[in-house]
Amino acid sequence: MVASASEPKTRLAPVTAPCAARDGRPCEPGEFCLHCGDMPTLLEIGRTHTCGDLRLSDEGERAVLFGWVNSRRDHGGRIFVDLRDREGMTQVVFGPDVDADAYEAAQALRSEHCIGVCGKILRRVDNDGTPNANPNMATGEIELEVDVFELFSKAETPPFDISKDERLDTHENLRLQYRYLDLRRPSLQRNFILRSRLGTITRAHMSELGFLELETPYMVKYTPGGARNFLVPSRLNPGCFYALAESPQIFKQLFMVSGFDKYFQITRCFRDEDLRNDRQPEFTQIDVELSFATPELVFEAIESLMIRLWKDLLGVEIPTPFRRLTWAQAMARYGSDKPDTRFGLELSDLTALTRGCGFAVFEGAPYVKGLCLPPEHGPGYGRGKIDKLTAFAKKRESGGAKGLAWARVEDGGIWQGGSAKFISAELQTKISAEMGAEPGSLLLFVADDFETTHTVLNAIRLHLRDELGLLAGSGPTPWNFLWVTDFPLFERNRDGNWVSSHHPFTSPRDEHVELLSSDPGKVLARAYDLVLNGNEIGGGSIRIHQADVQAKVFEALGMSEAEKQAKFGFLLDAFKYGPPPHGGIALGVDRLSMLMSEADSLRDVIAFPKTQKGQDLMTQCPTPADEPQLAELFIRHRALPNEAAGQAPDAGET
RNA sequence: GGGGCGGUAGUUAAGUCGGUUAUAACGUCGGCCUGUCACGCCGAAGGUCGCGGGUUCGAGUCCCGUCCGCCCCGCCA
């Protein structure tokens, strides 16, 4: 039987099985029914199950399924179709002996046609009646024998294979151009289902903790500093622009002044900076702020949320409290403020030991640090590999070391090869002991300034992690959560001026307030990052709520009175009216989703992502604005970089 | 702004030292097939080698430029 809304309704032959559309209860006069009323369309009957639902226990029932043709296998006399929806896949089978019309219609089925089917749920058997389940499918023990078929719509041959693609090995530009098809892939659908549940659980959990979900504007006042903003011209205010919010930071602090006490929001943020594998121009944060906050209160709330997310979404119990390192410890031991703590290879500080050692490379550097490759890897790491590693260490993107000193450790901590001839036997033994070296260990050293030494050793450490597969074989992914605390309040920018590491409202540690004027570089902040397996997934701080401390911070930043007023006047005014002590954090939903779904890229957890050039290949966005649009906004565009060359612009710039 | 990798049939890839008609798999189309599930068998069609220029008797291959995608640095919490 072929049902269609556009064709006259016909009666179905009576069936003896209970009617799925009625949950087995008797049919009532006037109701649509497969066996006692007019033939309704399958849409009118409605879907009874998803394609992931049916099991052997449903055998003998009738079901209505809607979905897309994943694949079709025509045996001439029996046509098998794997029907797919977001919940799974079910084999449906057509035969001339079951329903000739449906069988005939199924001949024309092709990949990605959208169809509805109704029929009886049968156990899968061979021709001789022996069970013939497909163990690779959740629904593999059953199939649906179709006696009513409806074609909702045909599909052209898709530009790439959706059906058996769990590897996502199509060129990404094509995937993005046909994103709506790309998103049909089960692997991507899983990511988005997880992401949806992440949002639901977060809302439930934060609400249960007493946090209010409040909204803040996306179109906000432009404030210089920090990330570059996207600008939005204001038609009603000629010549003026909104900025798209890089975060709700200031507004959530104002919520605290307003007395909302505990706030959260799952919100979009916008930053006009260059893209990366884990950075998109618009991204989503779980934004949290609470009054009368201490770091402990923030950690507690977030840890409880993480526990729940991992338990509910992954079935994983993560241990709490999370490990903590100060920024100084993280840098010293791992060379990174977001260390991957799933494996060892910690750094050793050899600066003091090597003072006066006579080896110019070590003596001339403010920092001498190293890491020790243990014996199980050391001997296999030959001269060729060391040379490659040296080249890697020298590359600019690895931090740009001047060189990589090395040595092999023999019995008694004595070295051989590399730097051995430059270091006395006595010192060799001491350094070997300091680094925990054993016979067979390979020692690697970098001697340079603070930044280069740590950047390079961190790069080497992560390189060795991947090269030697240090994470492999340890079973399911260990989830190493880590709080990194006590960041420096300031760092120097390129011009040598102090800028906020976090943002200018971050509170210094109480005992460091005096240093604000005397030695700003030594001031530590009450700021913290949440790190997971080497990824920064959140960051926050306790904020300044005392006017005098805020004034000192602005002063250290070299901000004039007029500048403060112009940039943050409204916030400073607000803080005149009894601001509570407060603090908070923001978590990256995209990165969390990526890590939890073990996706390779942020683009696999963002439905409609931008390319590295910030374009949407599906909609061909952004586009130039036409003259009338610009005129209305009092905007005239300048010559574009490529207009001089006589080429058409590929993107609009104003 | 810089460094690296990639772009060949609808898709994914191969293509040697520059040399005859640019290969394969999957997909598509036609035929056959009642138990497949990456179904199978037979047959066919399908190419602006990203684009532009140059070198050469001859360019997918070499050179220059350019566009697009990805990874990274700078930038960015």
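These numbers come from a predicted model, not from an experiment.
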Contacts under 3.5 Å, N or O only, protein and nucleotides 72-75 of chain B:
from: B:rC72; atom 1: OP2; to: A:N277; atom 2: N; distance (Å): 3.2
from: B:rC73; atom 1: OP2; to: A:R276; atom 2: NE; distance (Å): 2.9
from: B:rC73; atom 1: O2; to: A:R396; atom 2: NH2; distance (Å): 3.3
from: B:rG74; atom 1: N7; to: A:R276; atom 2: NH2; distance (Å): 2.7
from: B:rG74; atom 1: O6; to: A:D274; atom 2: OD2; distance (Å): 3.4
from: B:rG74; atom 1: O6; to: A:R276; atom 2: NH1; distance (Å): 3.0
from: B:rG74; atom 1: O6; to: A:R276; atom 2: NH2; distance (Å): 3.2
from: B:rG74; atom 1: N1; to: A:D274; atom 2: OD2; distance (Å): 2.5
from: B:rG74; atom 1: N2; to: A:D274; atom 2: OD2; distance (Å): 3.3
from: B:rC75; atom 1: O2'; to: A:E273; atom 2: OE1; distance (Å): 2.5
from: B:rC75; atom 1: O2; to: A:R279; atom 2: NH2; distance (Å): 3.1
from: B:rC75; atom 1: N3; to: A:R279; atom 2: NH1; distance (Å): 3.3
from: B:rC75; atom 1: N3; to: A:R279; atom 2: NH2; distance (Å): 2.8
from: B:rC75; atom 1: N4; to: A:R279; atom 2: NH1; distance (Å): 3.3

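Between the side chains of A:Y263 and A:D287, at least one donor N or O sits under 3.5 Å from an acceptor N or O.
Remark: B:rC62 base-pairs with B:rG54. Criterion, Watson-Crick or G-U wobble with two distances under 3.5 Å. Across the strands present, B:rG6 finds its partner in B:rC68; the criterion is a Watson-Crick or G-U wobble pair with both atom distances under 3.5 angstrom. Nucleotide B:rG40 forms a Watson-Crick or G-U wobble pair with B:rC32, both donor-acceptor distances falling under 3.5 Å. Base pairing of B:rG27: no nucleotide in any strand meets the Watson-Crick or G-U wobble criterion (both distances under 3.5 Å).
Where A:N136 and A:L176 meet RNA chain B, the nucleotide closest to each residue was compared, and A:N136 sits on the side nearer the 5' end.
For A:F392 and A:H463, the gap between ring centers is short of 6.0 Å. Between A:F270 and A:Y218, the ring center distance clears the sub-6.0 Å criterion.
Here the nucleotide nearest the side chain of A:D161, chosen from B:rC26, B:rC70, B:rC76, is B:rC26. Considering only side-chain atoms of A:H171, the nucleotide from B:rC26, B:rG7, B:rC70 that sits closest is B:rG7.
A:H502 comes within contact range of at least one nucleobase, with a heavy-atom separation under 4.0 Å. Counting non-hydrogen atoms under 4.0 angstrom, A:S247 reaches nothing in the nucleic acid. Nucleic acid contact class of A:R72 (heavy atoms, under 4.0 Å, all strands): none. If you check every strand for non-hydrogen atoms under 4.0 Å, A:I79 touches nothing.
Taking the six-membered ring where tryptophan is involved, the planes of A:W498 and A:F490 are tilted, since the angle between them lies from 30° to 60°. Ring planes of A:H503 and A:F505: tilted class, angle from 30 to 60°. Below 30°, between 30° and 60°, or above 60°: for A:F299 and A:W483 the angle between ring planes is below 30°, a parallel geometry.
On the C1' atoms, B:rC70 is 24 Å away from B:rC26, given to the nearest whole Å. Comparing the same atom, P, in B:rU28 and in B:rC39 gives a spacing of 10 Å after rounding to whole Å. Annotation: B:rA45 and B:rA24 have their P atoms spaced 12 Å apart (nearest Å). Rounded to the nearest Å, the gap between the C1' atom of B:rG2 and that of B:rA77 is 23 Å. For the P atoms, the distance from B:rG27 to B:rC41 is 11 Å, rounded to whole Å. The P atoms of B:rC62 and B:rC5 are separated by 13 Å, rounded to the nearest whole Å. To the nearest whole angstrom, the two P atoms, one in B:rC75 and one in B:rG15, are 39 Å apart. A gap of 45 Å separates the C1' atoms of B:rC29 and B:rC72, to the nearest Å.
OP1 or OP2 of B:rG69 lies within a sub-4.0 Å distance of a side-chain N or O belonging to A:T611. Phosphate contact (OP1/OP2 of B:rC68, side-chain N/O of A:K613, threshold under 4.0 Å): present.
Using a 4.5 Å heavy-atom threshold, the side chains of A:E467 and A:K385 count as touching. Using a 4.5 Å cut-off on side-chain heavy atoms (C-beta onward), A:L305 and A:M206 make contact. Within the 4.5 Å cutoff, no side-chain heavy atoms of A:R110 are placed close to those of A:T157.
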Treating primed atoms plus P, OP1 and OP2 as sugar-phosphate and everything else as base, which nucleotides of nucleotides 30-37 of chain B get B, S or - for protein heavy atoms under 4.0 Å? S--BBBBB

Distance-only check: which donor-acceptor pairs under 3.5 Å involve side-chain atoms of residues 582-591 of chain A, not counting sequence neighbours?
from: A:H582; atom 1: ND1; to: A:P580; atom 2: O; distance (Å): 2.8
from: A:H582; atom 1: NE2; to: A:Q253; atom 2: NE2; distance (Å): 3.0
from: A:D590; atom 1: OD1; to: A:R195; atom 2: NH1; distance (Å): 2.9
from: A:D590; atom 1: OD1; to: A:R195; atom 2: NH2; distance (Å): 3.1
from: A:D590; atom 1: OD2; to: A:T284; atom 2: N; distance (Å): 2.7
from: A:R591; atom 1: NE; to: A:D278; atom 2: O; distance (Å): 3.2
from: A:R591; atom 1: NH1; to: A:E536; atom 2: O; distance (Å): 3.0
from: A:R591; atom 1: NH2; to: A:D278; atom 2: O; distance (Å): 3.2

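A straight line from NZ of A:K610 to P of B:rC70 spans 13 Å, rounded to a whole angstrom.
The two residues A:Q285 and A:S247 have their closest heavy-atom pair at OE1-CB, 4.3 Å.
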